[in-house]
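One-based numbering, in listed order, for ligands and for the atoms of each.
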Amino acid sequence: MINVTRTYLPDRSKLDKYIDEIYSSGWVTNNGQLVKKLTARLEKYLDVKNLLLVSNGTLALQIAYKVLGIDRQVITTPFSFVATTSTLVWEGLEPIFADIDPETFCMDPSKIEGSITPETTAIVPVHVFGNACDVEKIEYIAQKYGLKTIYDGAHAFGVRYKDRSLLSYGDATTLSFHATKLFHTIEGGAIIFKNKKDLERAKLMINFGIDGPDSIIELGINAKMNEFEAAMGLCILDEIDTIFKKRSEIWNYYQDSLKDHVQFQKRNFQCTNNYSYFPILFESEKRLIEAKYAMNAANINPRRYFYPSLDTLGYIQTQVIHTVSQDIASRIMCLPIYPGLLTNEVEKIVKTLICEQNYSFASYSHVVNL
Ligand SMILES: *Cc1c(COP(=O)(O)O)cnc(C)c1O
């Protein structure tokens, strides 16, 4: 079965060396040497300051909300992985959805202001599939209304925007280093803060608010990354150029072979591509389901991603229908893309998809001709 993604496993002998280090020091968690090393290397690689490693991308969001003092209502996007919304609800915040742009799939900035109320305290946009949001417009609105901005940058590892790291925008940007992501630490994540004082407070918060052997000065939680996870990250970071290269080859092949058959995400031309996902848009949900069946029959497992639109979740009370998000969510899927995907597999995916599209088209023309 060809799945939508496969966890990247780095060179084993290098990982073993790090594990030997962990065994000889006996230090397995609580801001150990490898976590410190990975923090420094990621700050350099990503060209950011104030990066804090945490145990996953979900807690990264929750800690960021807490540190920045977010309360009551938050404007966010209905088109994302569920964690963008569920973390808000989990923290007792009320997500208010601003619909997305039908082409970029990111939050439509023109929909934000109409959703702001006196209760609004923050904006939580997502760089969907690594595509940069309209960060200038969002920043302008945030400043005008005195709102904090926290970007869910789970898909935006390594992306640059106008010669600067995309991850350096907003009051904070969060990352996920889950095993399915482009760069991973098995489970893990990070928060990149604009201000050093927020970083310092977050450091306390991820370790129960403990300040010293006999001192607890904050309400905290446990959100620490451990040394084994950091070891995985260090090994993968050494191989990141190969990862990007392999992914870009697949991405470009899909782009060239499928351009006459399906619709693509419109990418922000001022940001770099990290090739993290390959989303395709069908003309209808029916066509998507037909294509998915055909692919499953050929042992290919693409994923309906993101589906469903988050404004339709059972625990969300919204009177507003976000037509663009619901429409896109019903017609989109992501094709397999990962470094170990073989050329003949990529060709098979494309062929299966094109045959299915031609078949649907033929049967449709037949009906029309009648
Ligand atoms: C993966 C992901 C998360 C959650 O990260 P975890 O590390 O799995 O907790 C949050 N937001 C988005 C957009 C994601 O893709």
Side-chain angles (χ1 to χ4, degrees), residues 3-8 35 38 42 51-66 74-91 93 95 97-98 100 104-107 122-133 149-159 166-167 169-170 172-192 202 206 221-226 228-230 232-233 236 247 265 274-279 303-311 313 325 328-329 332-334 337-338:
N3 278 317
V4 70
T5 189
R6 188 159 83 198
T7 299
Y8 185 84
V35 161
L38 183 60
L42 282 173
L51 181 146
L52 180 67
L53 289 172
V54 295
S55 42
N56 57 61
T58 303
L59 279 164
L61 285 164
Q62 287 173 227
I63 304 283
Y65 307 150
K66 274 276 197 277
V74 175
I75 311 248
T76 188
T77 170
F79 188 71
S80 181
F81 181 64
V82 63
T84 315
T85 284
S86 64
T87 49
L88 292 167
V89 177
W90 194 267
E91 290 295 329
L93 304 167
F97 297 107
I100 57 166
T104 67
F105 310 153
C106 291
M107 189 188 270
I123 310 174
V124 177
V126 180
H127 301 302
V128 176
F129 305 128
N131 198 23
C133 293
T149 308
I150 297 150
Y151 286 100
D152 182 340
H155 297 177
F157 186 88
V159 175
L166 178 61
L167 310 175
Y169 285 83
T173 295
T174 62
L175 290 169
S176 163
F177 301 152
H178 183 257
T180 52
K181 303 296 207 276
L182 166 72
F183 166 84
H184 79 91
T185 59
I186 307 170
E187 290 276 359
I191 316 168
I192 294 152
I206 66 166
I221 194 169
N222 181 2
K224 303 185 296 288
M225 178 177 281
N226 70 52
F228 288 85
E229 290 168 335
M232 180 62 88
I236 294 180
R247 283 178 165 274
Q265 178 182 33
N274 68 0
Y275 311 103
S276 47
Y277 298 88
F278 199 91
R303 236 189 108 186
R304 293 189 71 174
Y305 200 60
F306 302 112
Y307 178 84
S309 180
L310 300 176
D311 53 337
L313 293 173
S325 176
I328 299 293
I332 198 165
M333 89 184 170
C334 284
I337 185 165
Y338 52 87

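In this structure, Phe129 and Tyr305 have tilted ring planes: the angle between them lies in the 30° to 60° band.
The ring of Tyr338 has its center no closer than 6.0 angstrom to the ring center of His184. A ring-centre distance under 6.0 Å is found for Phe177 and Phe183.
Screening Tyr151, Tyr277, Phe79 against His127 for a ring pair (Phe, Tyr, Trp, His ring centres under 6.0 Å) leaves a single residue, Tyr151.
A side-chain N or O of His178 and one of Thr180 form a donor-acceptor pair less than 3.5 Å apart.
Near ligand 1, heavy-atom contacts under 4.0 Å come from Asn56, Gly57, Thr58, Ser80, Phe81, Ala83, Thr84, Asp152, Ala154, His155, Ser176, His178, Lys181, Gly188, Tyr305.
Residue pairs that meet the side chain to side chain donor-acceptor pair (under 3.5 Å) test with at least one member in residues 55-65, sequence neighbours left out, are Gln62-Glu91, Tyr65-Thr87.
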